[in-house]
Amino acid sequence: MPIRRFGGHRSLVSRSQPLKLSYGSEKMNASKSGYRVFSANSTAACTELAKKITERLGVELGKSLVYQEPNRETRVDVKESVRGQDIFIIQTIPKDVNTAIMELLVMAYALKTSCAKNIIGVIPYFPYSKQCKMRKRGSIVCKLLASMLAKAGLTHIITMDLHQKEIQGFFSFPVDNLRASPFLIQYIREEVADYRNAVIVAKSPSAAKRAQSYAERLRLGLAVMHGEAHHSELDMADGRQSPPFSPPPNRTRTTSGHTGLELPCNRHLTAFPGIELPIMMAKEKPPITVVGDVGGRIAIIVDDIIDDMEDFVAAADILKERGAYKIYIMATHGLLSGDAPRLIEESAIDEVVVTNTVPHAVQKLQCPKIKTVDVSMILAEAIRRTHNGESMAYLFRNIAVDD
């Protein structure tokens, strides 16, 4: 067998001239660090949080184009290579929730098909988080959204203050549920005058654990509001009952045995065959009452989401009647839907403090009582630790389980 020999070849680069590598601007090139940060929002107002996070990280925001076609279809064009890198998608949720979700899904799938190593969604406010329980013949939409995100290619999610912590079980990949309470507590200590004379208020018994966590760390008293002026969605009957079975008028029923799925029972004592269940009394709640002393104090209502302001305004009126001379409302996510700015301005509420997980610049212009707390610091640190494989325990120090 003949032996093949490979001849030598000359290098196209002269050895006397050393190679020079250019890294562009002074900011760290994200490809050099092994990760990139993108924003999937098509509106400029929703990219403010992403810009603050990248400034803290010292990286540039990834180059991409997200827009809506004339027929309202979402189109995403990634303008740089992402092969083999960790990609973080920062997606804030504006009023148009469904468009924001579609932008996130399309961008995640575009990055997946571009051979990104890991795709981590940074979603400070997770949409549809209130629809995490079965109501009548509805559906658990939050579980559906979790499945869609996994199918699109996401491998990890960083979020903040989920409406229910059990939502993490809907996902087939890791979820880091950060907390905004340290920032809100710091605001109380620094911005609320005479906060030592304050009392933490839970708007409902279900929010008592969260309020207790705030009260213990601030070493303040606790008050709980009970009862409602009207029935809320939480009190709606979870009934999937159908109308009782009634036989056709011309059909004669036999007394021997039973047909179909009917269970045997005494047909002479009940009008309808089947299992006899005890009669359930309708739930009735008394008018709003306050358990705890708020007279002559500052009342601070804490919650996770502020959407419809009517319940908060009603609670503020009750606290004012009980003697509270200042009323603050603290929450992580300020959706502030509908006429929320007008209701806040005309109410007894002194300040509404929310974080910047949801853009609300327009609402702040309409109502000067709305204040914002920046949480980009903890989101940036979570991104850095996730990429470097460091523990996230530092971000949860002094955080209670019920917080």
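Fair warning: this is a prediction, and the values are worked out from it, not measured in the lab.
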>> Show, in sequence, the C-alpha distance, side-chain angles and deciding distance for Thr289 and His226, and conclude whether the side-chain hydrogen bond (donor to acceptor under 3.5 Å, both in side chains) test is met.
In response: CA-CA 5 Å; Thr289 57; His226 175 66; 5.8 Å; no
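- A perpendicular orientation is assigned to the rings of His387 and Phe88, their planes being inclined by more than 60° (bins at 30° and 60°).
- In this structure, Lys369 contributes its side chain and Ile349 its backbone to a donor-acceptor pair below 3.5 Å.
- Remark: side-chain polar atoms of Asn177 are paired, donor with acceptor, to backbone N or O of Asp161 under 3.5 angstrom.
- Results of the side chain to side chain contact (heavy atoms under 4.5 Å, CB included) test with Ser213 over Arg210, Arg217, Glu216 single out Arg217 as the only residue that passes.
- Side-chain contact between Thr92 and Val358 is absent, with no heavy atoms from C-beta onward closer than 4.5 Å.
- Within the model, atoms CD1 of Ile90 and OG of Ser39 stand 7.0 Å from one another, a figure rounded to the nearest 0.5 Å.
- By the 6.0 Å and 45° rule, Lys371 does not stack over the aromatic ring of Tyr187.
- A distance-only check finds a donor-acceptor pair linking the side chain of Gln168 to the backbone of Lys165 [under 3.5 Å].
- More than 12 heavy atoms of other residues, nucleotides or ligands lie within 6.0 Å of CZ in Arg342, so this atom counts as buried by the packing criterion.
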Only distances under 3.5 Å count here; give the side-chain donor-acceptor pairs of residues 95-104 to other protein atoms, sequence neighbours excluded, each with its distance to 0.1 Å.
residue	atom	partner	partner atom	Å
Asp96	OD1	Thr99	OG1	3.1
Asp96	OD2	Thr99	OG1	2.6
Asn98	OD1	Tyr128	OH	2.6
Glu103	OE2	Ser42	OG	2.5
Glu103	OE2	Gln68	NE2	3.0

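- Closest heavy-atom contact between Ala340 and Met309: CB-CG, 3.5 Å.
- Side-chain contact between Leu379 and Lys52: absent, with no pair of heavy atoms (C-beta onward) separated by less than 4.5 Å.
- The side-chain tip of Arg36 does not point at the ring of Phe38 from less than 6.0 angstrom away and within 45° of straight on.
- One finds the CD1 atom of Ile329 at 7.0 Å from the CD1 atom of Ile344 (value rounded to the nearest 0.5 Å).
- Between Val353 and Ile188, every side-chain heavy-atom pair lies at or beyond the 4.5 Å cut-off.
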For residues 193-202, which side-chain donor-acceptor pairs fall under 3.5 Å, sequence neighbours excluded?
residue	atom	partner	partner atom	Å
Arg196	NH1	Leu218	O	3.4
Asn197	ND2	Gly296	O	3.1

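- Using a 4.0 Å cut-off between charged side-chain N and carboxylate O, Glu381 and Arg385 make a salt bridge.
- Within a 6.0 Å sphere centred on CE of Met392, heavy atoms belonging to other residues, nucleotides or ligands number more than 12.
- Atom CD1 of Ile87 is separated from atom SG of Cys115 by 11.5 Å, given to the nearest 0.5 angstrom.
- Put simply, OG1 on Thr355 and CG on Asp374 are 9.0 Å apart, with the number rounded to the nearest 0.5 Å.
- Sorted by first then second residue, the side-chain hydrogen bond (donor to acceptor under 3.5 Å, both in side chains) pairs that include residues 109-127, not counting sequence neighbours, are Asp86-Asn118.
- Annotation: side chain of Ile120 is not in contact with side chain of Tyr35 (no heavy-atom distance under 4.5 Å).
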> Can Ser181 and Leu184 be said to form a side-chain contact (heavy atoms from CB on, under 4.5 Å), step by step?
Replying inline: CA-CA 5 Å; Ser181 57; Leu184 296 176; 5.6 Å; no
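- Contact of the Pro94 side chain with the Asn41 side chain is registered, since non-hydrogen atoms from C-beta on lie closer than 4.5 Å.
- Remark: Lys63 engages Lys79, Glu80 in a side-chain contact (heavy atoms from CB on, under 4.5 Å) (not counting sequence neighbours).
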>> Working note: Thr372 + His360, criterion side-chain hydrogen bond (donor to acceptor under 3.5 Å, both in side chains); need CA distance, chi angles, decisive distance, verdict.
In response: CA-CA 9 Å; Thr372 306; His360 52 268; 2.8 Å; yes
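- A distance of 10.0 Å separates CZ in Arg75 from CG in Leu65, rounded to the nearest 0.5 Å.
- Distance OG/Ser376 to CZ/Phe183: 8.0 Å, rounded to 0.5 Å.
- Across every non-hydrogen atom of Ala215 and Leu222, the tightest pair is CB-CB, 4.4 Å.
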Extract all donor-acceptor atom pairs below 3.5 Å that involve side chains of residues 300-308 and protein atoms in other chains or at least two apart in sequence.
residue	atom	partner	partner atom	Å
Asp304	OD2	His163	ND1	2.8
Asp307	OD1	Ser337	OG	2.5
Asp308	OD1	Glu310	N	3.4

Under 3.5 Å, which donor-acceptor pairs do the side chains of residues 313-326 form with other protein atoms, sequence neighbours left out?
residue	atom	partner	partner atom	Å
Lys320	NZ	Tyr325	O	3.3

